[in-house]
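Scroll down for the structure; my scribbles are underneath it.
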Amino acid sequence: MLLAASTGEDLLRAVLQGAPPGSVYALIALGFVLTYKTSGVFNLAFGAQAYVSAAMYFQARNEWEWQVVPALILAVFILAPLIGLVLERLIFRHLSNSSAVAKLVIAIGLTVALPSLFELVTGFSAVAGRTPTGIIPGGSSVFYDPFGIYPLSRDELAQMAVALFGMAALGALFRFSSLGLALRAVVESPRMTELSGINADRVSAFAWALSSLFAGMAGVLIAPRFNTLMAPDFFHLVIVAIAAAAIGRLASLPRALLGGLGLGIFIALFNTFLPRWTADHGWLRPFQENLTPSMPFVILFGVLVCWPAIRREHRVVDPLSGVDPPPPGLAALTRNRRLTLITRVFSVSLLCVIGVTVLLRADVRWLFLVTQAVILAIIYLSITVVTGFAGQISLCQGAFAAVGAFTVFQLADRYDLSVLAAALVGAALAAVVGAVLSLPVLRLGGVWLAIATLAFAFFFDAVMVKFSWIGGGGTSLFQGTRVPRPTIGPWDFADDRLFLVLAVVAFTVVSFLVIQLREGTTGRMLHALRGSEMAAESIGISPVRARVTAFAVSAAIAGFGGALLAIHQENVNYQNNFSPTAALFWLVLVVSLSARTIEGAAYSGAAFSLFDSLVLRGEVFRWIFRGWVPGILPISPKWRFVLFGLASIQFSRHPEGLVEYGKRRATRRFNERFDRRERDRASQETSP
Amino acid sequence: MSPVLELRGVSASYGPFRALFGVSLTVEAGGSLALLGSNGAGKTTVARVASGLVVPTSGSVLVDGEDLTGARPHQYARAGVAHAPEGRSVFATLTVAENLRLSFRRTHGASGLSCALDRAYDLFPQLGNRRSQMAGTLSGGEQRMLSMARVLVNPPKLLIADEPSLGLAPIIIDEVYQSLRAIREAGTAVLIVEQQVGHALQLCDRTAVLGHGAVEWEGPADEATDVMVGQMFTTGEDG
């Protein structure tokens with residue numbers, strides 16, 4: 001009897017404990033669903049928006065010592081909607097007919113760019129241990145305990161009240177107001193709404209402002225739960241919100257609310273009861289320690305993979321979508337053979353000059369950066385395969401790379417295996433992980449595939465890395481995850497110059513393999529699938545087989561690259577190199593430069609590793625102008641995130657990437673000027 | 001009195017693909033024009049230009065003597081142009097009543113709304129029976145009725161109907177054309193894009209025949225039949 005009572009008490013306590021964070025999840029999920037419904041944008045940047053509002057509020061309260069109300073008005077009621085309006089006006093309005101995947105990539109770019117941009121503009125920086133305050137005086141110190149079980153703080157009560165109020169307001173808006181009706185009409189077809197005499201742009205701008213307001217409010221409300229205000233925490237928040245929104249199939253607002261609340265309570269229940277079960281069953285212990293922080297990702301992954309209803313989401317097609325011009329074809333330009341030869345010879349010789357210069361003259365720092373660039377280029381080739389060839393957005397390339405890196409660490413540490421052999425084993429293991437992961441995930445397709453891989457990446461980050469047989473466990477915290485450099489015969493690769501040569505050789509070999517894949521049967525199949533899945537299937541191509549191959553190959557390349565990176569740095573450095581958020585930036589970088597070509601991967605590697613030193617610190621100007629550097633330099637390395645994050649906006653217009661786009665444009669201009677046949681053809685095209 | 005719609009030398013394109021080459025057309029106030037032509041002649045593009053969905057690359061569009069070139073579709077709608085696009089022209093995810101509310105809200109205000117709804121249900125009792133049903137689940141004929149109800153209750157200056165007979169049974173087509181006749185009698189000018197030549201010619205006074213994105217012939221509707229027959233026999237040759 002006593003036991004039953006205490007179990008009931010625990011249940012109630014968990015519910016009370018989980019409801020406040022649950023309501024904040026619900027708040028974000030509501031805004032998320034609102035944006036998705038009205039603009040079709042899977043707005044991952046929601047976390048970034050919440051972070052910006054929370055940081056603004058923190059800045060106003062703690063730095064400028066404003067009162068609660070003006071700070072709240074500035075952060076939530078002015079800044080948050082303003083960001084929404086700017087995003088809608090400058091970016092998403094022009095994308096209304098782009099694919100959902102293109103919009104997702106841009107949202108990822110914004111996730112990377114927004115927090116850095118805010119920090120650069122306001123000079124805000126996270127200071128450890130300075131806990132944000134809530135919106136209610138004494139929010140975290142005054143408690144109410146209605147049931148005598150769990151004391152709810154004022155902050156928590158405020159969170160629940162705001163979430164309920166937000167839901168009620170949204171429901172009333174959609175049900176009773178004509179603006180709500182217009183919102184729903186715009187979801188289906190902005191153009192038909194226009195034909196009814198309604199300014200559709202203004203309606204969707206309103207939707208963005210409103211949903212951003214939700215994000216901002218949620219950000220300010222949840223901030224007191226974090227010890228230190230940092231952008232990645234808010235990104236986690238969005239993952240939870242996506243899980244909540246996915247429960248409502250991204251369409252139903254009430255279900256998103258319930259999903260958010262339910263998730264909060266479920267996590268609290270889990271945290272209450274799992275420790276007891278582990279007391280009885282010892283084998284559960286490692287899970288208890290690691291699973292708790294990763295519950296949202298596990299739930300998201302589970303919902304996506306196990307709930308087929310999500311896949312069958314049918315979108316009503318805009319009957320007026322034919323008004324838009326067809327997307328530009330991706331057919332390769334026919335290049336003049338002599339021109340190709342000239343540019344190839346030129347670029348190869350330029351590369352050789354750079355290579356020799358680096359080998360002979362570079363100091364330790366530059367050698368390190370250039371080697372890192374080459375190895376990252378190998379990892380980026382994995383994105384070329386999965387995103388460029390197979391057309392799938394995978395956000396877990398960091399996890400694949402980490403599998404390779406940790407394999408090298410474990411095999412070298414335990415069995416004293418040669419690290420190069422271990423790197424190959426790592427690549428094979430990553431391929432297995434990739435193939436196994438791809439089986440359930442590939443059926444999702446499109447945006448959901450990207451989100452499922454993201455969930456996996458965070459799951460790997462929160463759970464798998466903590467296991468001692470992967471990440472080295474507690475000992476690696478003190479000793480690091482040390483990896484030795486290899487020796488082959490007379491060559492000792494502890495020498496940085498020699499290792500650079502090794503990296504270049506590895507990059508060449510992997511590039512060659514990737515080209516073989518592209519030109520071979522699998523590459524052709526992937527190309528056909530990208531054109532039209534249905535048409536490809538009708539001529540007997542199995543989409544699953546081709547894509548699983550692509551996934552496995554991509555994972556193997558990432559694993560191999562990750563292993564090399566660990567060998568190069570003589571340490572796995574998981575947090576710096578392979579964390580999920582780092583991998584997000586990889587994708588943004590590769591996709592905005594060029595995901596379809598080997599060059600694109602090489603440029604991306606260089607951009608990741610060298611852009612900071614070359615451009616932002618002004619080294620390039622120092623070399624060219626003999627010591628002179630423009631006055632504004634050096635500027636913060638955060639600009640790298642801002643610039644490349646914003647560059648991903650180009651993805652919808654130039655899905656081939658900026659590098660490839662520039663090259664094609666240059667070729668076309670060259671042809672128009674110098675090649676008479678080409679000019680004749682061009683003039684014929686424009687006449688009827 | 002200025003014509004309700006005037007296109008002056010309009011050219012239009014979808015990205016790199018040009019669809020119209022210097023089309024000039026007028027529809028007089030209360031008049032009617034049937035726009036005929038083979039597939040790909042540019043009929044639908046003319047309709048889209050006339051309601052602001054496609055912005056012309058050159059030339060100008062005048063509604064009631066006012067230059068609306070480059071204006072947004074909702075500005076055309078507010079100037080009195082109603083466009084029923086090809087195929088589905090109702091909001092599939094809204095109910096019948098909501099579809100009607102969406103178009104009456106601006107013109108009738110909150111107070112006149114229920115009155116306007118009642119008139120729509122009087123005109124088409126079938127719609128009244130299905131008022132809380134999603135419009136996407138209506139049959140093709142009922143969807144046409146719904147879009148007709150929107151314009152009949154609230155007659156615009158100009159109605160552009162793009163293939164109003166597409167995919168409908170002959171008996172329903174007759175009903176649709178009866179409604180169109182009623183709209184004409186209410187004083188609305190009509191621009192009809194049609195492949196069902198017979199119906200369109202009966203309804204309209206004037207006819208324009210499009211081919212390869214340009215006006216090939218324009219004249220009274222009763223002279224059009226011969227021209228159409230001639231065009232049918234020639235289009236196959238010059239592609």
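Heavy atoms of other residues, nucleotides or ligands lying less than 6.0 angstrom from CZ of B/Arg150 number more than 12. The neighbour count for B/His108 NE2, taken as heavy atoms of other residues, nucleotides or ligands under 6.0 Å away, is above 12. Shown here is B/Glu66, whose CD atom has no more than 12 heavy atoms of other residues, nucleotides or ligands within 6.0 Å.
In this structure, B/Thr57 OG1 and B/Leu20 CG are separated by 8.5 Å, a value rounded to the nearest 0.5 Å.
The most heavy-atom pairs under 4.5 Å with chain A, out of B/Gly136, B/Pro85, B/Pro73, come from B/Pro73. Of the residues considered (A/Asn199, A/Asp201, A/Leu195), A/Asn199 shows the highest number of contacts with chain B, using heavy-atom pairs under 4.5 Å. Chain B forms the most heavy-atom pairs under 4.5 Å with one residue out of A/Ser196, A/Ala200, A/Gly197, and that residue is A/Gly197. With chain A as the partner, the residue from B/His83, B/Arg72, B/Gln75, B/Glu98 showing the most heavy-atom pairs under 4.5 Å is B/Arg72. Among the candidates B/Val90, B/Thr45, B/Val54, the residue making the largest number of heavy-atom pairs closer than 4.5 Å to chain A is B/Val90.
Heavy atoms of B/Phe91 lying under 4.5 Å from chain A belong to its backbone as well as its side chain.
Judged by distance alone, the side chains of B/Thr107 and B/Asn154 do bring a donor and an acceptor atom under 3.5 Å apart.
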